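Here the structure is a predicted model, which means the values were calculated and not measured.
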Amino acid sequence: MEETSKQGAGQPRDQTDQEKLLVYDSSVDHKGKVPLRASTGVWKASRFIIAIEFSERLSYFGIATSLILYLSKVIHQDLETAAKNVNYWSGVTTLMPLLGGFIADAYLGRFSTVLVSTIIYLMGLILLTLSWFMPGLKACETDMCIKPRKVHEVAFFLAIYMISVGTGGHKPSLESFGADQFDDDHTEERRQKMTYFNWWNFALCAGVLLGVTVIVYVQDHVNWGASYIILTVVMAVSMVIFIIGRPFYRYRHSTGSPLTPLLQVLVAAIRKRNLPYPSSLAQLFEIPKEEKTKGRFLCHTNKLKFLDKAAVLEDNDNPAEKQSPWKLATVTKVEELKLVLNMIPIWLATLPFGICIAQGTTFFIKQGAILNRKIGNGFELPPASIYAVAAIGMIISVTIYEKILVPTIRKATGNERGITILQRIGIGMLFSILVMVVAALVEKKRLGVVENDPRKSSLSMSVFWLAPQFLILGIGDGFALVGLQEYFYEQVPDSMRSLGIAFYLSVIGAANFVSSWLITIVGRLTKKDGHGWFGKDLNTSRLDKFYWLLAGISAVNMLFFVLLARRYSYKNVQRVAVADCNIEGDDDAMV
């Protein structure tokens, strides 16, 4: 998607009558031909894709939100061990897309990667179901046992990590495959793509909402195995729906490793490091526009200028087109490497946000398990179902943003996106700080209730005391998570868009690992002074202090993010030669 002038892109070019009928964006239809605009892509295709995303999120959150309870109740792990295992699994699950995205972009293509990954995911769900019902794999030979059998632990962890592998190919490929259904050079389709990310997350939240209510209720009131059967059937049905949509999709062929051109630019720049910097941009090599058959030109920027030497013509006697790509790169390839390098600071700056939201599926759920969950006439809310408030918050946030904020701000600023991507992420990060502050205050109150009445403990306090922090968490996700998806999809080179979604997911994955390490480090440091912040259970822990620590880290990091965002240059795309570009697309990205 090309950004507006606020984000460094030029105006979209006029289209010919033929381009209005056909889609010339390097995609093909299921027969390998140029796609017809009227019968392929956009919402007629993306509906099938969004359906399988709903199913995957239903399965993932049906397992993830109650995983800490399963590890505590069935496998009998203590609080710290269970929390770390959840974080490790979540970390692996959200880092695996880096491998899946690379395979999709370089070898299999997105459709095939989604299909293979869904089969692996389904196999994991089947094994999870068998681990509960098959006598040889059950946790206990009788109804109750102090310690589960080793074979059950092996089967259970193998199943959930198969789901991690399935998610690794599913998540980056599916979302980018859905976005590929919209043509960046078609004004209406480009606007629809902005809407696509919002409605993608609306469907995601619907899956989360059912996962943490219906599925968790079945786990709590029937058994875990019954919930796994439901998840397996839903995933199988959604895979069939995804395959049915095959004639409507637009496909992009994999073109080899997307990392190779980036490495070629780096090698060429190092080789020419002693050359003087060119006095004119005309001395930088770019493919003539009449020879550019596919892909898009990127305009030159004045950042990371040492990389520009990779595009300097050194051997004038040898035609540029015949020179090795390890010795000479185009301006577009140089700019693609700059895009990737510019993402690294943003990626690092969003880690504290990821650490904050990681608490939502670990300590927040564990807190809910020991509060009063009774509603009405004896109905008891499953502990993980309180996460539904976060899903509702995200649905509200995305809907208000899409239907009210964007149209209003678009009219005021003339920016077709409304606000810039990094502004949207920054707003979400502010909400994550507020989440930790509210969580710390609520936990302090809960500990006070326990101290005043040790016999009832915290059962005299309603679970809905946790609702504000979950609601704020969901609202923040509606800004930051959707913004991160757009940012990493839009700002990577076009050949790396599956990897781009993987980069977004890796923020959450790395944050889960950092959260686990932080728990370990803080636990050891605070034990030196006597009573540590992480005890055997919540009543002997000081989670309120841990939440204040996260709020402080996030607040300091927010200043760093604002500094980065104000200096950030967005991708500057043109369908013409670099000489015709508006040089340097610096933008006021934040505040």
Side-chain angles (χ1 to χ4, degrees), residues 46-70 86 90 93-94 118 121-122 124-126 128-129 132 159-160 163 166-167 170-171 174-175 178 197-242 357 360-361 364-365 368-369 373 375-376 379-399 463-464 466-467 470-471 473-475 477-478 481-482 485 508:
S46 58
R47 287 191 183 100
F48 293 98
I49 297 167
I50 287 175
I52 196 170
E53 170 63 11
F54 164 82
S55 171
E56 192 276 333
R57 289 293 88 182
L58 175 74
S59 299
Y60 177 81
F61 276 90
I63 295 168
T65 50
S66 56
L67 182 57
I68 194 168
L69 301 178
Y70 190 96
V86 172
S90 299
T93 304
T94 42
T118 305
Y121 203 121
L122 192 58
L125 289 173
I126 291 170
L128 202 58
T129 305
W132 183 265
I160 63 173
I163 290 170
T167 304
H170 192 281
K171 286 297 290 177
L174 189 66
E175 187 168 358
F197 283 104
N198 291 322
W199 288 108
W200 168 275
N201 283 278
F202 189 92
L204 180 153
C205 289
V208 173
L209 194 58
L210 287 178
V212 300
T213 52
V214 176
I215 300 302
V216 168
Y217 179 84
V218 172
Q219 291 169 350
D220 204 50
H221 290 78
V222 184
N223 59 52
W224 299 87
S227 70
Y228 299 151
I229 291 175
I230 295 171
L231 297 180
T232 303
V233 171
V234 172
M235 180 59 74
V237 170
S238 67
M239 184 173 71
V240 173
I241 292 172
F242 178 69
I357 66 171
T361 53
F364 286 10
I365 299 297
R373 294 177 279 113
I375 305 173
F379 176 79
E380 191 170 58
L381 190 74
S385 290
I386 190 65
Y387 198 90
V389 178
I392 292 170
M394 191 171 181
I395 290 172
I396 293 171
S397 174
V398 168
T399 305
V463 71
F464 287 103
L466 299 178
F470 275 107
L471 183 64
L473 181 72
I475 293 172
D477 285 353
L481 286 185
V482 181
Q485 290 168 19
I508 311 302

Find out whether [X] and [Y] are in side-chain contact, i.e. whether some heavy atom of one side chain is under 4.5 Å from a heavy atom of the other.
X	Y	result
F470	I365	yes
T65	V208	no
I475	I396	no

Which atom pair, heavy atoms only, marks the closest approach of [X] to [Y]?
X	Y	answer
I49	I52	O-CG2, 3.2 Å
A226	N223	N-OD1, 2.7 Å
A159	G124	CB-O, 3.5 Å
G225	T129	O-CG2, 4.4 Å

From [atom1] ([X]) to [atom2] ([Y]), nearest 0.5 Å:
X	Y	atom1	atom2	result
I50	F202	CD1	CZ	11.0 Å
L174	T167	CG	OG1	11.0 Å
I392	T213	CD1	OG1	8.5 Å
R373	D220	CZ	CG	6.0 Å
I395	L204	CD1	CG	9.5 Å
I229	I126	CD1	CD1	11.5 Å

Per-pair distances, 0.1 Å, donor-acceptor, side chain in residues 55-64, under 3.5 Å, sequence neighbours excluded:
residue, atom, partner, partner atom, Å
S55, OG, S238, OG, 3.1
E56, OE2, Y121, OH, 3.3
S59, OG, S55, O, 3.2

For [X], which residues count as a side-chain contact (heavy atoms from CB on, under 4.5 Å) partner, sequence neighbours excluded?
X	value
I230	I215, V218, V234
A51	I241
Y70	V74, I75, W132, H152, F156, W224, Y228

Can you list, pair by pair, the side-chain donor-acceptor contacts under 3.5 Å of residues 382-389, counting residues two or more places apart and other chains?
residue, atom, partner, partner atom, Å
S385, OG, V212, O, 2.6

For F54, what residues pass the ring pair (Phe, Tyr, Trp, His ring centres under 6.0 Å) criterion, not counting sequence neighbours?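 Residues passing ring pair (Phe, Tyr, Trp, His ring centres under 6.0 Å) with F54: none at all.
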By side-chain hydrogen bond (donor to acceptor under 3.5 Å, both in side chains), which residues pair with [X], not counting sequence neighbours?
X	result
T93	S164
S397	none
E53	K171

Could you walk me through whether L481 and I357 pass the side chain to side chain contact (heavy atoms under 4.5 Å, CB included) test, one step at a time? CA-CA 10 Å; L481 286 185; I357 66 171; 4.2 Å; yes
